[in-house]
Structures are given as C-alpha cells and as structure tokens.
Engineer: 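Sending over a structure as structure tokens; questions will come in a sec.
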Number of protein chains: 2
Amino acid sequence: MNSSDQKAYFFKIDTTIKKIRYALQKALDEANLDITVDQWVLIDHIFRNPGISQNDLGEMTVKDNPTVTRIIDLLVKKGLSERKMSESDRRRFDVFLTETGKEVYHKAHPIVVHVRRKSWSGLNDEDYFIFTRILDTIYKNITT
Amino acid sequence: MNSSDQKAYFFKIDTTIKKIRYALQKALDEANLDITVDQWVLIDHIFRNPGISQNDLGEMTVKDNPTVTRIIDLLVKKGLSERKMSESDRRRFDVFLTETGKEVYHKAHPIVVHVRRKSWSGLNDEDYFIFTRILDTIYKNITT
DNA sequence: TAAAATTAATTGTCAAAACAACAATTACAT
DNA sequence: ATGTAATTGTTGTTTTGACAATTAATTTTA
C-alpha cells in the first residue's frame, strides 16, 4: 500500500482552496471592495509587477490568455487598471494599476492577510516549510 | 515575522490544484472518456454513494446546488447518470450511475490514480500525513 | 530579403462557480 | 390543524476556465 493509493488528496486540496476562496470573497464583499477573488489575484500581481504583460500575468497566475484579457477588461472598466502599448513590442500591453486600483490594493491587502492568518492558525513555520515543499514538488512532478 | 506573513500560500495551492486539474483533464482526454474533471468528481462520489442526493453531493464536493444540478444534467444527457424520485421525500432525487456510467468510472479510475501517483512521486507517507493534517486544519479554521 | 514560424492578444463557445430568486415539498410551532 | 420556516432542486445572470480560431506583430530561417 503506497501513500498515493490513499483517499485522493486531490479532493482535499480542491475543497480546501474552494473554502479559502469563499472566505476571501466574503471578506472582500464585507469591505465593499466590489472585486472578485480572481480580480484581486491580478491586482496583487500587477501591483507587485507594474508594467507586466498579460501573457506573463497569465503564466504567473496559471490563467490562459483569454481569461486574463477578460479580467483585465473588467478591471479597466472599473477604473482599477490600464493598458499601455509596449514601446518595444507593439503586440504587447504593459499593464498598470490606476491610482484607484492602488487604493483598492491597499484596502484589500490587510483583509487578505487577515484571512490568511486565520486559516493558518494552529500551524507553525515548520508546517509552512513542509507544506510549500510538498506543493512545489507536486507542481514540478505534474508540469514536467 | 510570522509564517502567515510569508508569500501567500493561497497562490501556491491555487496554482497547484489548477495544474493537477489540467493534467487530469489531459489524461481523461487521451483516453477519450469525454468527461470533464468536475464531471469525474461527481461520478466518483456517486459511485461510492449510490442514491445520494444532489444536496449531499454538493456538500461533499463543495459545489452549490445549481452547479450540481447542471453537472448532473450533463451526466444524464450523456447517459452516465440517472435521477430517481426519492420514496421518502418528494423534493429529493436519488442519484445513481447507469451501467455506462459505471463503465466510465472503471475506465477513469486507474487514469486518475496514475496522475495522482505521478504527482506524488518523491514524497512519502509522512509527507502525506502532514499534508492532510495541514489541509484539514486550514479547512476547519476557515469554516468555523 | 521574403516566406515561414512564433508570439501576444482578442473573440466565440461551452463548462463550471457564485449569487439571487423561485417552486415544490416537508418540518415545525403554536 | 394551520400557518410559518426550512429544505431540495431549478432557472437566470455574471464571472472564470479551457479550447479553438483569428489578427497583428515579431522572429527565425532559408
């Protein structure tokens, strides 16, 4: 009996991430931020990588190009993000947050941290180390 | 500096589960099973709980009622599942797999196990124990 | 240099997730 | 026993995900 025969951890990861996303959405809603979890994911990545291309955003967040296009469309419509034609490559857009977008980021960030802390309670640094090692291993196994 | 301040594990879980789902979908496609990952999730739960209600399916898989309704609709349309009116409660359906549905389950199961084993390689039983403990802890923290 | 291949982004379609509103049935409370 | 509340499932709408096809621009290579 190999550990990989045990009740599928796939279900456990799947249901856990769903609950986290759900809790995160509730918290964002309570703060009246009017963004979805996926919109927040892009906002966070754009904030930390101003001028990133949609393609790179997609690779970092594991979203395909059409999905990124549509979420950025929504962010632009909400006035949170803007596309600027790339100087070096006219196929690309450099994506930025607007001032409003940065404000939303700064409001959302502590909320996200709070949910993260709450969900991690009872767990310690060693757990974190092992947890990320396992997830990284699975990620590598599955993508190579 | 608390471990929960580190780069969000939320992203890591999120991207990893996406890669697993993607790999699983590829494997199911290669075997020409003509089902999606979420359809497989329901097939698996129905197989192991014949006559389960849609509501219970939703709780087990963390899908809301409309989502379950629609996936079951698709499974019924494909001839893999059937609804039977509950004897005791006329609001409920008892959901079953058809013979074809069971065949699909038996074809899909080894494929799923193979992907699971591949993604778990390099990891051991203790990893599994810790991994499930952490996921269970997060799940409890977030839902209480 | 010209043709071919690759890349970045968009559009269309269907599956799935979240939410709200709703219908039908059952359970509860007085 | 009647009216209220709760439960089960469906339908409609918007967002996200996967896939295919398309456009425009850039890179490769012949």
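As the structure is a prediction and not an experimental result, all values here were calculated from the model. Below, chain A is the first sequence line, B the second, and so on; all start at residue 1.
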Engineer: Can you tell me how far C1' of D/dG17 sits from CD1 of A/I17, to the nearest Å?
Structural biologist: 15 Å

Engineer: Want to settle it: does A/R21 or A/I52 sit nearer the 5' end of DNA chain C, counting the closest nucleotide to each?
Structural biologist: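 The residue closer to the strand's 5' end, by nearest nucleotide, is A/I52.
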
Engineer: Can you measure B/I72 atom CD1 to D/dT11 atom C1' for me and round it to whole angstrom units?
Structural biologist: 17 Å

Engineer: Checking B/F93 now: which residues fulfil ring pair (Phe, Tyr, Trp, His ring centres under 6.0 Å) with it, not counting sequence neighbours?
Structural biologist: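 Not a single residue meets the ring pair (Phe, Tyr, Trp, His ring centres under 6.0 Å) criterion with B/F93.
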
Engineer: Using only side-chain N and O atoms of B/R90, determine if any of them is under 4.0 Å from OP1 or OP2 of C/dT26.
Structural biologist: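 Yes, because at least one side-chain N or O of B/R90 sits under 4.0 Å from OP1 or OP2 of C/dT26.
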
Engineer: Just the rounded figure in Å: distance from C1' of D/dT15 to CG of A/L74.
Structural biologist: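 One finds 7 Å between C1' of D/dT15 and CG of A/L74, rounded.
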
Engineer: Going by heavy atoms closer than 4.0 Å, what residues in residues 22-35 of chain B are next to DNA chain D?
Structural biologist: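 Listed by number, they are B/Y22, B/K26.
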
Engineer: Can you give one letter per nucleotide of nucleotides 4-10 of chain D, going 5' to 3': B for a protein heavy atom under 4.0 Å from the base, S for sugar-phosphate only, - for none?
Structural biologist: --BBSBB

Engineer: Provide the full list of salt bridge (charged side-chain N to carboxylate O under 4.0 Å, His left out) pairs with a residue in residues 126-143 of chain A, sequence neighbours left out, each pair given once.
Structural biologist: A/D127-B/R133, A/R133-B/D127, A/D136-B/K12

Engineer: Under 4.0 Å between a side-chain N/O of A/T36 and OP1 or OP2 of D/dT16, yes or no?
Structural biologist: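 Answer yes for this pair, as a side-chain N or O of A/T36 is under 4.0 Å from OP1 or OP2.
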
Engineer: Do any pairs count as a salt bridge (charged side-chain N to carboxylate O under 4.0 Å, His left out) and have a residue in residues 55-66 of chain B, sequence neighbours left out, and if so which ones?
Structural biologist: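 Listed once each, the pairs are B/D38-B/K63.
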
Engineer: Ring-plane angle category for A/W120 and A/F131, please: parallel below 30°, perpendicular beyond 60°, tilted otherwise.
Structural biologist: tilted

Engineer: Side-chain atoms of residues 103-111 of chain A: list all donor-acceptor pairs with protein atoms under 3.5 Å, sequence neighbours left out, distances to 0.1 Å.
Structural biologist:
none

Engineer: Do any pairs count as a ring-ring contact (aromatic ring centres under 6.0 Å, His included) and have a residue in residues 20-41 of chain A, sequence neighbours left out, and if so which ones?
Structural biologist: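 Output for this query lists A/W40-B/F11.
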
Engineer: Provide, to the nearest angstrom, the distance between the NZ atom belonging to B/K77 and the C1' atom belonging to C/dC14.
Structural biologist: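 Those two atoms, NZ and C1', are 11 Å apart.
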
Engineer: Between B/R92 and B/Q54, is there a side-chain donor-acceptor contact under 3.5 Å, judged purely by atom types and distance?
Structural biologist: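 Note: B/Q54 and B/R92 side chains miss the donor-acceptor criterion.
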
Engineer: Residues two or more places apart in sequence or in another chain: which of them pass side chain to side chain donor-acceptor pair (under 3.5 Å) with B/N141?
Structural biologist: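 Testing B/N141 for side chain to side chain donor-acceptor pair (under 3.5 Å), a comparison that skips the adjacent residues, returns A/S121.
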
Engineer: Roughly, in whole Å, what's the span from CG in A/D64 to C1' in C/dA15?
Structural biologist: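 So the CG-C1' distance, A/D64 to C/dA15, works out to 13 Å.
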
Engineer: Below 4.0 angstrom from OP1 or OP2 of D/dT16, is there any side-chain N or O of A/K63?
Structural biologist: no

Engineer: Rounded to whole Å, please give me the gap between CH2 in B/W40 and C1' in C/dA15.
Structural biologist: 18 Å

Engineer: Could you state the atom-to-atom distance from CD of A/E87 to P of D/dA25 in whole Å?
Structural biologist: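 For the pair A/E87 CD and D/dA25 P, the rounded distance is 15 Å.
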
Engineer: Which residues end up grouped with B/L74 if you chain together Ile, Leu, Val, Met, Phe, Trp and Tyr wherever their side-chain heavy atoms are less than 4.5 Å apart?
Structural biologist: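 Taking Ile, Leu, Val, Met, Phe, Trp and Tyr as members, B/L74 stands alone, with no cluster partners.
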
Engineer: Could you state the atom-to-atom distance from CG of A/L57 to P of D/dG17 in whole Å?
Structural biologist: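 The distance from CG of A/L57 to P of D/dG17 comes to 13 Å, rounded to the nearest Å.
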
